[in-house]
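From a predicted model like this one, the values you see are computed outputs, not experimental measurements. All ligand and atom numbering here is 1-based and tracks the order in the structure. Computed from heavy atoms alone, side chains included, the values below leave out hydrogens, waters and symmetry copies.
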Amino acid sequence: MAGQDTLTVIDNRTGKQYELPIECGAIRTADLRQVKTSPDDAGLIGYDPALTNTATCKSRITFIDGERGILRYRGYAIEELAEKSNYLETAYLIVKGELPDERHLAMWKHNVTLHTMVHENIKKFMDGFRYDAHPMGILVGTIGALSTFYPDANNVQDLESRRLQTRRLIGKLPTLAAFAYRRTLGLPYVYPDNDLSYTENFLSMLFRMTELKYTPNPVLARALEVLFILHADHEQNCSTNALRSVASSQVDPYSAVAAAVAALYGPLHGGANEAVIRMLTQIGSLARIPEFIKKVKAGDGRLMGFGHRVYKNYDPRATIIKKLAYEVFDVTGKNPLIDIALELERIALQDDYFVSRRLYPNVDFYSGIIYQAMSFPVTMFPVLFAIPRTSGWMAQWAESVRDPEQRIARPRQIYIGEGARKYVSIAQRPEPEMREEAVSPEI
Ligand SMILES: CC(C)(COP(=O)(O)OP(=O)(O)OC[C@H]1O[C@@H](n2cnc3c(N)ncnc32)[C@H](O)[C@@H]1OP(=O)(O)O)[C@@H](O)C(=O)NCCC(=O)NCCS
């Protein structure tokens with residue numbers, strides 16, 4: 001059998017042997033269904049909570065080699081894109097598969113820029129949130145609401161509609177994000193300035209005050225371009241998985257992206273850089289780092305910004321961001337938290353707890369420090385992640401709806417609850433103290 005692309009499985013319950021084809025280094029878990037102990041057995045299933053070793057799609061967008069710390073979009077190394085490209089060009093690459101020529105890049109920029117405005121009703125909708133609403137919560141709500149403004153987006157199998165929604169979402173995200181930010185400060189919304197680049201316009205919508213025209217700092221605008229490139233896609237992470245799962249019902253992309261933004265909101269995903277800043281602030285000084293590390297090793301909390309499901313090596317994006325931080329500090333002044341972060345990293349990378357678990361700094365370890373130096377409040381950090389990730393989500397969405405192998409996502413479960421039982425009328429149910437133990441303590 002050696003040399004064949006198959007997996008031989010022997011079911012020791014029955015002694016039967018099965019040949020499962022291996023394609024692209026994977027078996028299809030559906031092939032396990034034939035492994036049965038009797039004709040009425042539903043067949044073997046794979047158990048993989050959190051999908052740690054299950055591919056849910058074939059994709060041509062992003063390649064990650066977590067062992068070697070490699071990240072590529074459509075075959076191009078992240079380091080090269082961060083150095084030479086800009087966000088909209090990279091977004092084109094991610095969405096369309098190839099780098100654009102000059103004419104196509106100009107058309108793409110024009111088409112995205114055309115969609116930076118939002119319907120005036122969106123502003124009213126935003127005003128309905130409480131005064132202290134988290135901008136990420138506002139983003140989830142407003143992106144979901146966009147589906148009601150563009151009913152044509154339901155036509156997910158139509159290429160022209162997909163293209164239009166992609167431009168709309170990439171164009172509108174900075175506007176929604178900036179509006180959410182201005183709202184939290186009680187400042188009037190600033191409309192897009194389409195003379196500016198994607199990141200310059202975003203800075204203008206965030207920070208313009210009484211001046212007629214905002215002049216963004218070129219170093220900060222470039223730093224945002226780089227950060228946006230680094231965050232544009234990251235294959236099947238939690239939010240992209242949420243997006244693909246929701247989109248598999250063929251719902252419109254605004255609803256699917258709202259689900260992705262909701263997933264990104266969580267502290268283990270896009271909220272991690274916010275958590276890093278809180279952690280560094282809480283540590284407060286170099287002297288308190290050893291005590292903090294001791295607590296983490298004892299299982300009291302995590303070293304935020306460290307560890308990654310896929311990278312078991314230095315996250316290549318963290319290397320780029322660490323360098324970028326100093327370019328930003330030249331303009332903004334140094335963020336003192338960088339010293340605590342550097343020392344934490346130095347100690348952690350020498351400590352057997354982190355080394356043996358292969359925990360390295362991830363993209364979020366340094367990004368928050370830059371954002372803070374650029375005067376972004378921590379609540380805006382995940383929003384700054386969501387803006388560029390929109391190109392990745394739209395590419396993943398288009399790939400999934402076009403993929404003939406995809407169907408509505410419907411995982412299996414292993415049922416471990418009660419067997420069939422008879423309904424008991426309320427008067428005959430056990431006394432409260434006896435019921436206590438039976439009632440699930442998690443809820
Ligand atoms: C990213 C993350 C969710 C990945 O989690 P995961 O792949 O499920 O890994 P696990 O939670 O199974 O962790 C494996 C081991 O490393 C430990 N570990 C993982 N991340 C850790 C961290 N940041 N600090 C301390 N210990 C950590 C776990 O406690 C576990 O140890 P154990 O085997 O002794 O129980 C996790 O590393 C984490 O919570 N990091 C901090 C949050 C963060 O930075 N998120 C941004 C990701 S881009």
Side-chain angles (χ1 to χ4, degrees), residues 47-56 62 64-67 69-71 78 136 227-243 260-283 289-322 337 340-341 343-372 378 381-389 392-393:
Y47 177 55
D48 187 5
L51 300 173
T52 56
N53 196 38
T54 297
T56 55
T62 292
I64 301 176
D65 180 337
E67 294 295 320
I70 293 174
L71 169 60
I78 192 68
M136 200 64 172
L227 287 159
F228 280 8
I229 291 169
L230 299 183
H231 286 88
D233 195 54
H234 212 229
E235 52 119 305
Q236 306 313 313
N237 52 80
C238 176
S239 56
T240 303
N241 181 55
L243 168 111
V261 178
L264 190 64
Y265 196 176
L268 297 188
H269 191 9
N273 51 11
E274 181 175 340
V276 170
I277 293 296
R278 293 192 204 288
M279 174 190 77
L280 295 175
T281 311
Q282 200 188 352
I283 296 173
I289 292 176
E291 178 199 336
F292 177 77
I293 296 262
K294 206 167 145 194
K295 269 172 56 182
V296 169
K297 283 164 63 178
D300 183 3
R302 288 198 162 191
L303 176 47
M304 298 310 286
F306 256 67
H308 198 276
R309 176 60 60 76
V310 179
Y311 292 116
K312 301 301 168 197
N313 200 325
Y314 216 99
D315 180 337
R317 300 166 301 172
T319 318
I320 300 167
I321 292 184
K322 198 169 156 184
L337 294 182
I340 300 177
E343 183 63 2
L344 256 182
E345 179 190 329
R346 192 189 66 76
I347 295 181
L349 294 185
Q350 288 176 358
D351 191 304
D352 189 52
Y353 176 94
F354 298 94
V355 174
S356 64
R357 288 169 178 78
R358 306 181 70 189
L359 301 170
Y360 292 87
N362 60 47
V363 68
D364 296 306
F365 195 62
Y366 289 105
S367 60
I369 298 175
I370 300 187
Y371 293 143
Q372 199 180 46
V378 284
F381 294 0
V383 174
L384 292 162
F385 192 152
I387 296 171
R389 184 53 60 85
W393 287 329

Take [atom] and look for protein heavy atoms under 4.0 Å from it; say yes if you find one, no if not.
atom: atom 7 (O) of ligand 1; value: yes
atom: atom 12 (O) of ligand 1; value: no
atom: atom 28 (C) of ligand 1; value: yes

Inset, instruction - Identify which one of Y314, Y366, Y311, F365 satisfies the ring pair (Phe, Tyr, Trp, His ring centres under 6.0 Å) criterion when paired with F306. - result: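 By the ring pair (Phe, Tyr, Trp, His ring centres under 6.0 Å) criterion, F306 pairs with just one of Y314, Y366, Y311, F365: F365.
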
Legend entry - Short side-chain to backbone donor-acceptor contact, N313 and G66, under 3.5 Å: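 Looks like no, no N/O pair under 3.5 Å.
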
Legend entry - Donor-acceptor pair, side chain of N362 and main chain of D315, under 3.5 angstrom: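 Here the side-chain-to-backbone pair does not exist.
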
Which atoms of ligand 1 are found less than 4.0 Å from any heavy atom of [X]?
X: Y353; value: 17 (C), 25 (C), 26 (N), 29 (O)
X: L303; value: 22 (C), 23 (N), 24 (N), 25 (C)
X: L268; value: 39 (O), 45 (N), 46 (C), 47 (C)
X: G305; value: 43 (C), 44 (O)
X: A272; value: 43 (C), 44 (O), 45 (N), 46 (C)

Inset, instruction - Check V296 against ligand 1 and report side chain, backbone, both or neither, counting heavy atoms closer than 4.0 Å. - result: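 It is the side chain that gets close, since no backbone atom is under 4.0 Å.
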
Nearest protein heavy atom to [atom], by residue and atom, and its distance?
atom: atom 48 (S) of ligand 1; result: D364 OD2, 3.4 Å
atom: atom 1 (C) of ligand 1; result: G307 O, 3.6 Å
atom: atom 42 (C) of ligand 1; result: M304 CE, 3.4 Å
atom: atom 34 (O) of ligand 1; result: R357 NH2, 2.9 Å
atom: atom 4 (C) of ligand 1; result: R309 N, 3.8 Å
atom: atom 5 (O) of ligand 1; result: R302 NH1, 4.2 Å
atom: atom 18 (N) of ligand 1; result: L359 CD1, 3.7 Å
atom: atom 40 (N) of ligand 1; result: F306 O, 2.9 Å

Legend entry - Ion pair check, E291 and K295, cut-off under 4.0 Å: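 Not counted as a salt bridge, because no side-chain N and carboxylate O are separated by less than 4.0 Å.
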
Legend entry - Within 45° cone and under 6.0 Å: R357 NZ/CZ vs Y353 ring: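 That pair qualifies as a cation-pi contact.
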
Inset, instruction - Check the pair F381 / I277 against side-chain contact (heavy atoms from CB on, under 4.5 Å), numbers first and verdict last. - result: CA-CA 10 Å; F381 294 0; I277 293 296; 3.3 Å; yes

Legend entry - Q350, CD atom: more than 12 neighbouring heavy atoms under 6.0 Å: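 Atom CD in Q350 is crowded, with more than 12 foreign heavy atoms closer than 6.0 Å.
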
Legend entry - Aromatic ring pairing H231/Y371, orientation class (parallel under 30°, perpendicular over 60°, tilted between):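 Ring orientation, 0 to 90° scale: tilted.
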
